[in-house]
Amino acid sequence: MVFNNLKKRRLLLVLAIGILIVFSNQLIYYQVSGWWEGELEKSESLQQYEGIILLGGFSNYRSKSRRIQFTRSSDRLLQAVRLYKEGKANRFIFTGGSSRIIIREKSSGEFLKEYLVLLGIPEDSILTEWQARNTYENAVETWKLLKAEGISDKKFLLVTSGFHMKRALGCFKKVGIDVTPFKTDALQGNVPPEIWECFMPSASVLATWELLFKEWVGYAVYSVKGYV
């Protein structure tokens, strides 16, 4: 009995070490994240679009300091502004309210509009909705907004993070919006890791797997529900 318990503990230890090695390996993560996200689109290959649909989830409003605090996905905003400045679209459509149901905070749609105006975007070219609390509602509420504006039949650029694009693209196409993807803040590195990095465990890589796992679960749930 003691021998069997010892054998089981050794087996579990080997298994744990194996999992740690696999999920902290930069080359494996580089390949998997690249497979899921695909290549980033080139802005020069884009056409002219009616608007840029920018998904929220990259900022929050600090009411005490009355400031916007940006998160790791703020590349969405930076790339969207650049596309607008390059003349790729006539307007911004920002979608993303507060995910909090009980606590009413200033929504991202409200303060992002103010921020875009500060960046030099004309206020009359910015449409916002702040009712959505998830990706599916982003698509539904955006369609309602475009329908009300009489532009639901136009073509749009969809800007969101690379790891999130498949689910977002599926939702927007499902509700009938003609969107072209433009991925941002890719999880995959710009270049493959060096040879020595392939043998060195990476704590940052280990932590970033969580984003992919959550997104895979989210996509699976949305598929079952028929959202994508």
Side-chain angles (χ1 to χ4, degrees), residues 30 33-34 36-62 67-97 106-130 132 135 138-139 141-143 145-146 149 151-173 177-192 204 208 211-212 215:
Y30 177 87
S33 59
W36 177 253
E37 295 178 316
E39 291 292 331
L40 295 180
E41 297 79 11
K42 297 179 180 179
S43 61
E44 55 266 27
S45 64
L46 297 174
Q47 305 172 8
Q48 178 71 27
Y49 298 87
E50 176 63 30
I52 297 169
I53 299 176
L54 174 62
L55 269 67
F58 55 81
S59 60
N60 55 66
Y61 184 75
R62 305 301 293 266
R67 289 173 54 185
I68 303 173
Q69 180 171 299
F70 293 100
T71 62
R72 68 174 304 277
S73 294
S74 55
D75 187 47
R76 299 181 189 181
L77 174 64
L78 300 177
Q79 297 295 338
V81 170
R82 181 175 69 88
L83 291 171
Y84 179 84
K85 296 289 187 179
E86 290 178 351
K88 300 298 182 181
N90 302 319
R91 67 181 83 202
F92 263 97
I93 299 95
F94 179 81
T95 169
K106 189 173 185 179
S107 78
S108 52
E110 293 172 289
F111 64 71
L112 251 299
K113 184 174 183 178
E114 298 170 1
Y115 194 80
L116 288 172
V117 171
L118 287 176
L119 294 179
I121 311 298
E123 186 174 359
D124 59 2
S125 67
I126 304 171
L127 298 175
T128 60
E129 75 79 19
W130 46 75
T135 305
N138 284 146
E141 296 300 329
T142 298
W143 186 87
L145 180 63
L146 299 181
E149 293 290 326
I151 55 174
S152 59
D153 59 337
K154 303 295 184 180
K155 294 183 178 181
F156 298 88
L157 268 175
L158 180 63
V159 178
T160 188
S161 301
F163 71 90
H164 181 237
M165 181 57 79
K166 285 188 178 181
R167 183 156 56 114
L169 191 64
C171 288
F172 276 80
K173 287 188 173 182
I177 303 176
D178 187 355
V179 287
T180 297
F182 191 85
K183 298 183 286 290
T184 66
D185 54 289
L187 297 178
Q188 182 189 45
N190 293 327
V191 293
S204 60
T208 316
L211 287 174
L212 282 177
E215 190 59 30

Practice prompt. Would you indicate whether the side-chain heavy atoms of Leu77 and Leu112 approach each other to under 4.5 Å?
Written response: yes
Item to complete: Hey, could you give me the CG/CZ distance between Leu211 and Phe163, rounded to the nearest 0.5 Å?
Response: 5.0 Å
Fill in: Leu116 side chain reached by Val81 side chain, heavy atoms, under 4.5 Å
yes
Discussion item. Applying salt bridge (Lys or Arg N to Asp or Glu O under 4.0 Å) as the test, list every pair that has at least one member in residues 151-168; sequence neighbours left out.
Written reply: Arg167-Glu215
Discussion item. Minimum heavy-atom separation for Leu55 and Ala168, please, with both atom names.
Written reply: CD2-CB, 3.9 Å
Worksheet entry | Phe70/Tyr115 under ring-ring contact (aromatic ring centres under 6.0 Å, His included): CA gap, chis, key distance, verdict | CA-CA 12 Å; Phe70 293 100; Tyr115 194 80; 5.2 Å; yes
Discussion item. Using the rule given for side chain to side chain contact (heavy atoms under 4.5 Å, CB included), can you reason through Thr135 versus Thr160, listing the C-alpha separation, both sets of side-chain angles and the distance that settles it, and then say yes or no?
Written reply: CA-CA 11 Å; Thr135 305; Thr160 188; over 6 Å; no
Worksheet item: Going from CG on Leu169 to NE2 on His164, what distance comes out if it is rounded to the nearest 0.5 angstrom?
Response: 10.5 Å
Worksheet entry | Exercise: identify the closest heavy-atom pair between Glu37 and Lys183 | O-CE, 2.9 Å
Practice prompt. Might you point out which heavy atoms bring Thr95 and Ala132 nearest each other, and give the distance in Å?
Written response: OG1-CB, 4.2 Å
Item to complete: Check Pro122 against Ile126 and note the closest heavy-atom contact, atom names and distance.
Response: O-CG1, 3.4 Å
Discussion item. Using 30° and 60° as the class boundaries, would you call the ring planes of Phe94 and Phe58 parallel, tilted or perpendicular?
Written reply: perpendicular
Discussion item. Side chains of Gln48 and Asn90 only: does a donor on one sit below 3.5 Å from an acceptor on the other?
Written reply: yes
Practice prompt. Could you check if a side-chain atom of Phe172 sits within less than 4.5 angstrom of a side-chain atom of Asn138, using non-hydrogen atoms only?
Written response: yes
Worksheet item: Considering residues, nucleotides and ligands other than Trp143, do more than 12 of their heavy atoms fall under 6.0 Å from its CH2?
Response: no
Worksheet item: Just wondering, are more than 12 heavy atoms of other shown residues or ligands nearer than 6.0 Å to CD in Glu44?
Response: yes
Item to complete: Calculate, to the nearest 0.5 Å, the distance between atoms CD and CG belonging to Glu41 and Leu83 respectively.
Response: 10.0 Å
Worksheet entry | Short side-chain to backbone donor-acceptor contact, Arg76 and Gly56, under 3.5 Å | yes
Worksheet item: When rounded to the nearest 0.5 angstrom, what is the spacing between CG in Leu127 and CG in Leu54?
Response: 12.5 Å
Fill in: All pairs passing salt bridge (Lys or Arg N to Asp or Glu O under 4.0 Å) where residues 78-94 contributes a residue, at least two apart
Glu50-Arg91, Arg82-Glu86
Worksheet item: How close do Tyr84 and Ser125 get, heavy atom to heavy atom, and via which atoms?
Response: OH-OG, 3.5 Å
Practice prompt. Using a 4.5 Å cut-off on heavy atoms from C-beta on, say whether the side chain of Leu146 contacts that of Phe156.
Written response: yes
Discussion item. Before you tell me yes or no, could you show the steps for Thr184 and Ser73 under side chain to side chain contact (heavy atoms under 4.5 Å, CB included), namely the whole-Å CA-CA distance, both residues' side-chain angles and the distance that decides it to 0.1 Å?
Written reply: CA-CA 8 Å; Thr184 66; Ser73 294; over 6 Å; no
Practice prompt. For Ala186 and Leu40, work out which heavy atoms get closest and say how close.
Written response: CB-CD2, 4.0 Å
Discussion item. Can you confirm whether Met165 sits close enough to Leu158 that some side-chain heavy atom of one is under 4.5 Å from a side-chain heavy atom of the other?
Written reply: yes
Practice prompt. State the CD1-CD1 distance between Ile177 and Ile93, to the nearest 0.5 angstrom.
Written response: 9.0 Å
